[in-house]
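Bear in mind the structure is a predicted one, so any value in this text is a computation, not a measurement.
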Amino acid sequence: MSYLNKKMHFLVMACLFVGCAMTACSDDDDSDDVIPSDDTSYVGKSVGNFTAEEWYVGGLKGTTMNVTQGCYEDETPAVTEMGLTDAFNRGEQFFERNVTEFQNPFSGLGPAYVRKSCLDCHPAYGHGKRVTKYTAEWGNGYLLVIYHPNDGMNSDDGPYVAEVTGMPQTRAVSPFLPPIDESGIHLSWLPVTAMADGSEISPTHFPDGETYQLIYPELDIDRSAFNTDPTPWETGNGAVAFRLESTIGIIGTGLLDAIPDDSIKAQYQREAPYVELNPAFWDKEANDWAASAMYINASSGVEQVNRIKKFTYAMTRGSLQDGAGANAIWNITNVSRSDRPKLYTTAAWAKAMSENPKVIAAIKADPASPYYADGTEEGIKEAVYNLLLPSTNQFDNPWHNFEPEMSDNNFWAFQVWHRGLAIPRARNLQDPEVQRGKQMFMEIGCANCHRPSWKTKNDDYWNPQIIASQNLQLPRYQNQTIWPYTDMIQHRLFMKNGIHGSWCRTTPLWGRGLSLINTGAEDRLHDCRARNEIEAILWHGYSKKSDGYDSTLKFYKLPKADRDAIVKFLRAI
């Protein structure tokens, strides 16, 4: 649905309903958990300690006025103004549709894949949901993190294992076996019984007696679940460990891409004297970028992005146009395109499949299989290994002769959609409790990492060659003030079974108050361990070593009325 149509839908709905239900702070059905009706007469006006522009959290070019169910799907006004609505809607199909093996233009999947659609991991375009059993179905936004727990240098988190892909696959097309059999994945959620490193915060209750319960995931995978050769236990540098990592909400990501690198550099320089920054990104002595902070597009082997890394939790990507979505449409659903013509797999899995008697027998019984070769077992084995073998491009392997499954023009439409997703406007800023929540949020220091606003300046975005060569435009957000509440920098919280590598980019807070009405869930943090805002905040104080410990302790000691006001503020922005 176009932005204008959705806006009309919103106006009609506003006449029919007094307001929309907002996200709950806990699992209780307490009427206090619902934010009062949003009075739209205040929108665009200065109220209390909010400026008029804070209603438009994505600026005038990036904000949708729709705050009802489905608002996460809206296009930005910039998309409409630039005449890109048709491309946006076409790109949306590639996000929402299930990928199949042979149905163009939505073909892909084979030979192994993570999910059958992008929407599976991003239910209703939001953050992934917490699940209690790992299956690659809709709503499970988890990616498996499989790594060696020690890299030989006394590090708690070593490198990813080489036998499975960086985004491990648990599904495969017939007759292949998935690299990891889902039946061997075991997930449990456990209560925190004690905090770490001298933390003064309780895992179960506030000083005034209000209760909660922090939980964390334990993940284990059977050795027999790995269909690779060799299995990870037989190589590398020690045992194999596992973590979960949930998908990030995708709304407003084009606006984050519009934040200039020089502005982000200035933020690093402001924080460097006070907190330890990831040395992989910031050279403290030089007060400048570290050598590895610049992102080089390794997928094409030629094209350089020339952007500072800022996307994904681990900040592995330097531009949205070669960021999480552009990467995921390839390695999650295994959809090839002209700049990524290779299969997303590993040589270890290719070898294992070429030596699996059941796989070879199934292909031998099917002369139409592309792996049939000369019909002999040896010929089939050679074809399976070489056709599955990953390579830099199809010309590195004479067996590879793939036509790209996604055309360059369809990839452009997908990028228009991804860069064109709006962020919903703020709600209830006229509420005195929301204003009090903002005041307390600032006073206890949360804004030190969750920086409120940025300016996009000229939005000189990087454009991939396969789009730039066609002189095609993407949505632009010049000279907008946006309010994402993130410093675009990594910090460490030292949570139990926390994120792999410890460092995690500060998650934007904007729009999250509408998660429940859009996705049916409001789980937070990198692995959805926090079921509401209270739990998310308190996890920042699990360890005294956490960069957020001091602010969390101040929150913990606040009266209940002030804690509730902060939660209301978080749901309003």
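- No side-chain donor from either of N532 and R524 sits under 3.5 Å from a side-chain acceptor of the other.
- N518 places a side-chain N or O within donor-acceptor distance of the main-chain N or O of C71, the cut-off being under 3.5 Å.
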Salt bridge (charged side-chain N to carboxylate O under 4.0 Å, His left out), that's the test. Do D547 and R492 meet it? Break it down for me.
CA-CA 6 Å; D547 285 355; R492 292 181 296 180; 5.7 Å; no
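- Separation of atoms CG (L219) and CG (N497) is listed at 9.0 Å; rounding is to 0.5 Å.
- Judged as a salt bridge (charged side-chain N to carboxylate O under 4.0 Å, His left out), and not counting sequence neighbours, the contacts of E182 are R171.
- Ionic pairing of K129 and D523 is not present here: no N-O contact between side-chain nitrogen and carboxylate oxygen is shorter than 4.0 angstrom.
- Across every non-hydrogen atom of D366 and Y372, the tightest pair is O-CD1, 3.6 Å.
- Taking CG from L493 and CE from M495, the interatomic distance works out to 5.0 Å, rounded to the nearest 0.5 Å.
- Taking each heavy atom of G139 and V131 in turn, the nearest pair found is O-CG1, 4.4 Å.
- Under the 4.5 Å side-chain criterion, counting only non-hydrogen atoms from C-beta, F88 is not in contact with T80.
- Ring geometry, F95 versus Y125: the interplanar angle falls from 30° to 60°, so the pair is classed tilted.
- Side chain of T519 to backbone of A124: no donor-acceptor contact under 3.5 angstrom is found.
- For the 3.5 Å distance criterion, the side chains of D374 and T376 qualify, holding a donor opposite an acceptor.
- Side chain of Q169 to main chain of T165: no donor-acceptor pair is present (N/O by atom type, distance under 3.5 Å, no hydrogens or angles).
- Looking only at distances, no side-chain donor or acceptor of K496 sits under 3.5 Å from a matching main-chain atom of A196.
- Side-chain atoms of N98 and R115 include no donor-acceptor pair closer than 3.5 Å.
- A salt bridge does not link R505 with D487: none of the charged nitrogens is closer than 4.0 Å to a carboxylate oxygen.
- The closest side-chain heavy-atom distance from D74 to I423 is not below 4.5 Å.
- Considering CD of Q465 and CG of D408, their distance stands at 10.0 Å, rounded to 0.5 Å.
- Listed by first and then second residue, the salt bridge (charged side-chain N to carboxylate O under 4.0 Å, His left out) pairs that reach into residues 414-424 are D257-R419, R419-D459, sequence neighbours excluded.
- Of the possible polar contacts, one joining the Y313 side chain to the S246 backbone as a donor-acceptor pair under 3.5 Å is found.
- Across all their heavy atoms, I251 and P424 have their closest contact at CD1-CD, 4.3 Å.
- A donor-acceptor pair is defined here as one N or O able to donate and one able to accept, closer than 3.5 Å; such a pair exists between the side chain of Y142 and the backbone of D527.
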Evaluate side chain to side chain donor-acceptor pair (under 3.5 Å) for N409 paired with S407, printing each intermediate quantity in order.
CA-CA 5 Å; N409 195 264; S407 71; 5.7 Å; no
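- Of the N and O atoms on the side chains of S336 and E405, at least one donor lies less than 3.5 Å from an acceptor on the other residue.
- Once rounded to the nearest 0.5 Å, the distance linking SG of C504 with CD1 of I489 reads 13.5 Å.
- Between Y542 and L214, every side-chain heavy-atom pair lies at or beyond the 4.5 Å cut-off.
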Going through the distances and angles, do L187 and K133 end up as a side chain to side chain contact (heavy atoms under 4.5 Å, CB included)?
CA-CA 6 Å; L187 170 63; K133 182 179 180 181; over 6 Å; no
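- For the pair M406 and P105, the minimum side-chain heavy-atom distance is 4.5 Å or more.
- Across all their heavy atoms, M167 and V114 have their closest contact at O-CG2, 3.4 Å.
- Under the 4.0 Å criterion applied to side-chain N and carboxylate O atoms, R317 and D322 are assigned as salt-bridge partners.
- With T247 contributing its side chain and G128 its backbone, the two residues share a donor-acceptor pair below 3.5 Å.
- For the residue pair T346 and E163, no side-chain donor N or O sits within less than 3.5 Å of a side-chain acceptor on the partner.
- The backbone N or O of Q490 sits nowhere less than 3.5 Å from a side-chain atom of N278 that would complete a donor-acceptor pair.
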Take W233 and F226, measure what ring-ring contact (aromatic ring centres under 6.0 Å, His included) needs, and give me the verdict at the end.
CA-CA 10 Å; W233 283 268; F226 286 83; 5.1 Å; yes
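- None of W330, F411, W412, F106 except one satisfies the ring-ring contact (aromatic ring centres under 6.0 Å, His included) rule with F94; the exception is F106.
- Using cut-offs of 30° and 60° for the angle between ring planes, the H500 and Y160 rings count as tilted.
- Looking at heavy atoms from C-beta onward, Q321 lies in side-chain contact with L474 at the 4.5 angstrom threshold.
- Taking CD from E378 and OG from S354, the interatomic distance works out to 9.5 Å, rounded to the nearest 0.5 Å.
- A donor-acceptor pair under 3.5 Å is absent between the side-chain atoms of T228 and the main chain of W349, judged by distance alone.
- Nearest heavy atom pair, residue I363 against residue P175, reads CG1-CG, 3.8 Å.
- D222 and H186 share a donor-acceptor pair across their side chains, judged by distance under 3.5 Å alone.
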Given salt bridge (charged side-chain N to carboxylate O under 4.0 Å, His left out), test D86 with R90 step by step and report yes or no.
CA-CA 6 Å; D86 287 346; R90 178 156 52 96; over 6 Å; no
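- The shortest distance between side-chain heavy atoms of N356 and N227 does not fall below 4.5 Å.
- A cation-pi arrangement, defined by a distance under 6.0 Å to the six-membered ring centre and an angle within 45 degrees of its axis, is present between R130 and W189.
- Side-chain atoms of T76 and Y477 form a donor-acceptor pair, as typed in the model, at a separation below 3.5 Å.
- When the salt bridge (charged side-chain N to carboxylate O under 4.0 Å, His left out) test is applied to R223, the partners found at least two apart in sequence or on another chain are E234.
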Could you go step by step and tell me if V384 and I360 meet the side chain to side chain contact (heavy atoms under 4.5 Å, CB included) rule?
CA-CA 8 Å; V384 168; I360 301 305; 4.3 Å; yes
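- The aromatic rings of Y216 and W539 sit perpendicular, their planes meeting at an angle over 60°, well past the 30° parallel limit.
- Under the 4.0 Å criterion applied to side-chain N and carboxylate O atoms, D261 and K265 are not assigned as salt-bridge partners.
- Side-chain contact between V173 and Y113 is present, with at least one heavy-atom pair separated by less than 4.5 Å.
- The shortest distance between side-chain heavy atoms of T345 and F176 does not fall below 4.5 Å.
- No donor-acceptor pair under 3.5 Å is formed between the side chain of D229 and the backbone N or O of A352.
- A pairwise comparison of heavy atoms in A383 and A373 identifies CB-CB, 4.0 Å as the closest pair.
- The structure places OH of Y134 at 5.5 Å from CG of N140, a figure rounded to the nearest 0.5 Å.
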What do the steps show when you test L143 against I332 for side chain to side chain contact (heavy atoms under 4.5 Å, CB included), and what is the final call?
CA-CA 10 Å; L143 299 174; I332 296 295; 3.8 Å; yes
